[in-house]
Amino acid sequence: MKIPFSLPVIDEEVIAEMQDTLTHTGWLTTGPKARALEEEIRQFTGGEAVLCVNSWTSGAMLMLRWLGVGPGDEVIIPAYTYSATALCAMNMGAKVVMVDVKDDFTIDPAKIKAAINEHTKVVLPVDIGGYPCDYDTIREVLAAPEVKALYRAESEKQKQLGRILVLADAAHSLGACYKGKTSGTIADVTVFSLHSVKNITTGEGGAIVLNLPFPFDNQQELTFLRALALNGQNKSAFEKNQPGAWRYDIIDQGLKVNMPDLCASVGLAQMRKYRQELLPERKEIFEFYIKEFSSQEWAILPPYHDQYAESSYHLFLLRIKGFDEAHRDAMIQYISEKGVGVNVHYIPMAMLTLFKSRGYNIEDYPNTYRLYANEISLPIYNHLSKEQLRTVVDTVIEAYKAVK
Ligand SMILES: *Cc1c(COP(=O)(O)O)cnc(C)c1O
């Protein structure tokens, strides 16, 4: 039995929604479907204002442009994440400061504090696997008088905010909760990924949720961001297509990162049944793995549910007690040969060519290395059958026995 690592939900409802876009609306790029998807995500998260874009990466870049982050500025990120978390800031010309993570894979607030200086404009925590970071402690760090005293506001938005922005990399955490709040309403700005391997997908895509504090008006910022995501144009092609509405203005130097309706329709059909169907099914799979592996003394289980937080069950980050990289790699080899797709999330950036060449060194992030070295991600997605899950578990246990 071949079991892929990841598969998107493509069912009759998705096909029908896509069909409708292709044959009934006469409109392929940003229009009514993208708006409908934004509304679904807004209702689901309880967020104030939602903008869909064409990737997480472009959404994060858009928010950095919005804040006026560029050369001379610093953005703090965890060393344990996918490279896009760093690249969004590097591509805007900012310097990326990596800090180590805690045992639960999330950014260590004490390390954030030590990394802040007068150039710091943004902290970009990552909800790895869908498990939320400790946002209250991050906020406490940013609210400390000695931290606030370091802050140098340059752009208009930075002056309005008056402190470091918390921009959540929620690429994994659509549907996660932290202290009674849903992902999207916790950080100042939250960006979800709608890439093909995520819980909800539009093929490629992202969604920005605004939760900016007073004196910001989130609706007003949304209107501005809508333009900023469309080359700075204050009217979309769809709006211009209405009779007599041809005149437009370019109000700022924007990016071109809007989401096409063709893509939005896929995510729209999935999003409509996320709460009732798709998310509970992921949770069931995750809990099945927890139940099966908790009886294996060598299995280190990922964090997912405690008194403060609940995951969106995006990844199952299994770790193997006592294993080093070579053992882990041998285990993956064994599992792959049996036809089960597994993965590693993530090879630390400081071990990849680009980042090494820019001076990042894995020895500076010992906990990140420790978590990575014995990590194996198991398949978790909708429509995995009980039989397939049984095969995954049995194969992983067999692989451990063969390698140990
Ligand atoms: C997938 C992912 C991204 C990038 O998302 P895109 O939509 O592909 O740009 C960023 N951060 C993390 C943690 C991710 O897993």
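The structure presented is a predicted model; accordingly, all values stated were derived computationally and were not measured. Counting starts at 1 for both ligands and their atoms, in listed order.
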Starting from [atom], locate the nearest protein heavy atom and write down its residue, its atom name and how far away it is, to 0.1 Å.
{"atom": "atom 11 (N) of ligand 1", "value": "D169 OD2, 2.8 Å"}
{"atom": "atom 9 (O) of ligand 1", "value": "T57 OG1, 2.6 Å"}
{"atom": "atom 5 (O) of ligand 1", "value": "W56 CB, 3.1 Å"}
{"atom": "atom 12 (C) of ligand 1", "value": "A171 CB, 3.4 Å"}
{"atom": "atom 15 (O) of ligand 1", "value": "H172 NE2, 2.6 Å"}

Hey, are [X] and [Y] close enough for a salt bridge, meaning a charged N less than 4.0 Å from a carboxylate O?
{"X": "D188", "Y": "R139", "value": "yes"}
{"X": "K33", "Y": "D20", "value": "yes"}
{"X": "K113", "Y": "E146", "value": "yes"}
{"X": "E13", "Y": "R272", "value": "no"}

For [X], take its heavy atoms, then give the atoms of ligand 1 lying under 4.0 Å from any of them.
{"X": "T85", "result": "11 (N)"}
{"X": "S193", "result": "5 (O), 6 (P), 7 (O)"}
{"X": "A84", "result": "4 (C), 10 (C)"}
{"X": "S55", "result": "7 (O), 9 (O)"}
{"X": "T81", "result": "13 (C)"}

- Message: Test of understanding: given a 4.0 Å heavy-atom threshold, classify the contact between Y346 and ligand 1 as side chain, backbone, both, or neither.
- Response: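 Y346 to ligand 1: side-chain contact only, backbone stays beyond 4.0 Å.
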- Message: For I128, which part has a heavy atom under 4.0 Å from ligand 1: side chain, backbone, both, or neither?
- Response: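 It is neither; nothing of I128 touches ligand 1.
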- Indicate yes or no for a side-chain donor-acceptor contact from W56 to the backbone of S58 under 3.5 Å, with no hydrogens or angles considered.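 Side chain of W56 to backbone of S58: no pair is present.
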- Message: My understanding is that we take every heavy atom of each candidate and find the minimum distance to atom 8 (O) of ligand 1. Doing that for H345, H195, K198, which one comes out nearest?
- Response: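 The residue whose heavy atom sits nearest atom 8 (O) of ligand 1 is H195.
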- Query: Are a donor atom and an acceptor atom from the side chains of D100 and Y80 found within less than 3.5 Å of each other?
  - Reply: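 D100 vs Y80: no donor-acceptor pair found between side chains.
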- Item | Gap between atom CD of E221 and atom CG of L228 - 0.5 Å precision |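 The CD atom of E221 is 10.5 Å from CG of L228, to the nearest 0.5 Å.
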- Decide whether the shortest distance between a heavy atom of G205 and an atom of ligand 1 is less than 4.0 Å.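 True for this residue.
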- Face-on cation placement of K181 at Y135 ring, 6.0 Å and 45° thresholds: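 Pair K181/Y135 does not count as cation-pi.
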- Might you confirm whether atom CZ of F238 has over 12 heavy atoms from other residues, nucleotides or ligands at distances under 6.0 Å?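 Check passes, neighbour count above 12.
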